[in-house]
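First the structure, in the form of structure tokens, and then the observations on it.
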Amino acid sequence: MTAVAHVIGDPIAQSKSPLIHGFWLKKLGIDADYKAQHVLGQGLEGYLARQGRDPEWRGCNVTMPHKQAVIEHLADVDDVASRIGAVNTIYPGPDRGLAGTNTDAAGFLEPLREELAQTHYFRMARILGTGGAARAIIFALAQEGFTLVVAGRDTAKARALLDELAPKGEHHAVHIAHFAEPTDFAFDDREGCLDLVVNATSLGMVGNMPLAFDWSHAPPGSIAYDIVTSPIDTPFLKSARERGHRAIDGFAMLIGQAAIAFEKFFGQSPPRQHDAELMGILSA
């Protein structure tokens with residue numbers, strides 16, 4: 001029998017995870033499969049119970065809207081997932097009980113590792129969005145010593161996320177419209193600082209309105225990071241490059257988080273030397 005892993009969600013047809021994991025499995029010659037499974041909320045418990053009894057099932061990635069709902073069905077949730085309050089990777093634990101972790105935080109940080117290895121006298125991140133993806137991003141950046149400004153349509157929700165996920169530090173919650181209008185704020189010398197602007201919303205995704213962000217809110221040298229993957233080159237990233245900012249697209253986080261999950265599922269590190277080829281496939 002062939003080993004199998006899944007990605008589950010509702011909807012799920014848009015997921016690129018099967019392409020990523022399938023590419024790595026083929027490169028490594030592993031006799032296994034990775035498939036998308038459409039799982040509704042009411043079918044979540046049954047899916048996990050059924051797959052947990054299958055000796056060929058290696059686990060599943062979890063996408064919206066199940067990242068929080070799956071927690072109550074797991075025998076073990078690691079510290080990172082517990083603190084984020086969301087699970088995106090499930091795998092068989094001891095005695096075939098199901099274990100959960102969250103690879104989104106580490107996946108998000110992966111393309112920033114070169115910058116994070118440096119010493120800065122100040123780090124600031126402007127995070128636009130208060131949904132499920134923002135939880136892991138807020139947690140990850142707080143752990144890396146960033147002062148955070150979280151923007152959402154509901155400032156009370158933004159404040160609650162900061163209080164829960166980044167209780168230490170002088171962080172700020174603002175309305176997302178704050179960043180849509182120009183500002184004449186005069187930034188001081190940012191030499192030795194690390195500044196990020198992160199789109200953690202679905203704005204800019206195919207079928208959605210573009211994200212309204214005026215780049216006068218970001219100092220020179222800021223890094224623009226968009227987690228949207230369809231399209232991969234969003235209006236937000238295009239406008240960032242026009243202003244001379246470095247742009248990181250959504251494939252960086254997607255591949256980074258998938259690499260950690262792949263090792264959990266199949267016991268081998270994915271062949272990251274082929275990332276350029278994989279990016280071409282994902283972009284096609």
Does Q51 form a side chain to side chain contact (heavy atoms under 4.5 Å, CB included) with R58? I'd like the steps, not just the answer. CA-CA 9 Å; Q51 296 303 147; R58 297 294 182 263; over 6 Å; no
4.5 Å side-chain heavy-atom contact, [X] and [Y]:
| X | Y | answer |
| --- | --- | --- |
| T183 | D214 | no |
| H120 | C193 | no |
| T101 | V87 | no |
| V62 | C60 | yes |
| L254 | T229 | yes |
| L194 | L112 | no |
| V7 | Q37 | no |
| E277 | D275 | no |

Minimum heavy-atom distance [X]-[Y], with the two atoms named:
| X | Y | result |
| --- | --- | --- |
| E181 | H217 | O-NE2, 2.6 Å |
| T155 | A173 | O-CB, 3.8 Å |
| M205 | V228 | CA-CG1, 3.8 Å |
| A105 | I84 | CB-CD1, 4.0 Å |
| A69 | L44 | CB-CD2, 3.9 Å |

Test side chain to side chain contact (heavy atoms under 4.5 Å, CB included) on Q268 and L28; report intermediate values, then the result. CA-CA 9 Å; Q268 295 187 46; L28 293 173; 4.1 Å; yes
So among L196, V197, V150, N199, which one has a side chain to side chain contact (heavy atoms under 4.5 Å, CB included) with R126?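 The option that passes is V197.
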Parallel under 30°, tilted from 30 to 60°, perpendicular over 60°: which one fits the rings of W24 and H21?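 Aromatic pair W24/H21 classed perpendicular.
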Can N61 and T89 be counted as having a side-chain donor-acceptor contact under 3.5 angstrom?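 Their side chains do contain a donor-acceptor pair, which is all the 3.5 Å distance test asks for.
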Output yes when [X] and [Y] qualify as a salt bridge under the 4.0 Å nitrogen-oxygen rule, no when they do not.
| X | Y | result |
| --- | --- | --- |
| D163 | R159 | yes |
| R83 | E164 | no |
| K238 | D226 | no |
| R135 | D104 | no |
| R113 | E144 | yes |

Stepwise side chain to side chain contact (heavy atoms under 4.5 Å, CB included) check, I8 with T63: CA-CA 6 Å; I8 64 171; T63 188; over 6 Å; no
For H245, which of Y225, W215, F236 qualifies under ring pair (Phe, Tyr, Trp, His ring centres under 6.0 Å)?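 Only match with H245 under ring pair (Phe, Tyr, Trp, His ring centres under 6.0 Å): W215.
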Apply side chain to side chain contact (heavy atoms under 4.5 Å, CB included) to the pair F251 and S283, showing each step before the final yes or no. CA-CA 9 Å; F251 284 166; S283 300; 3.4 Å; yes
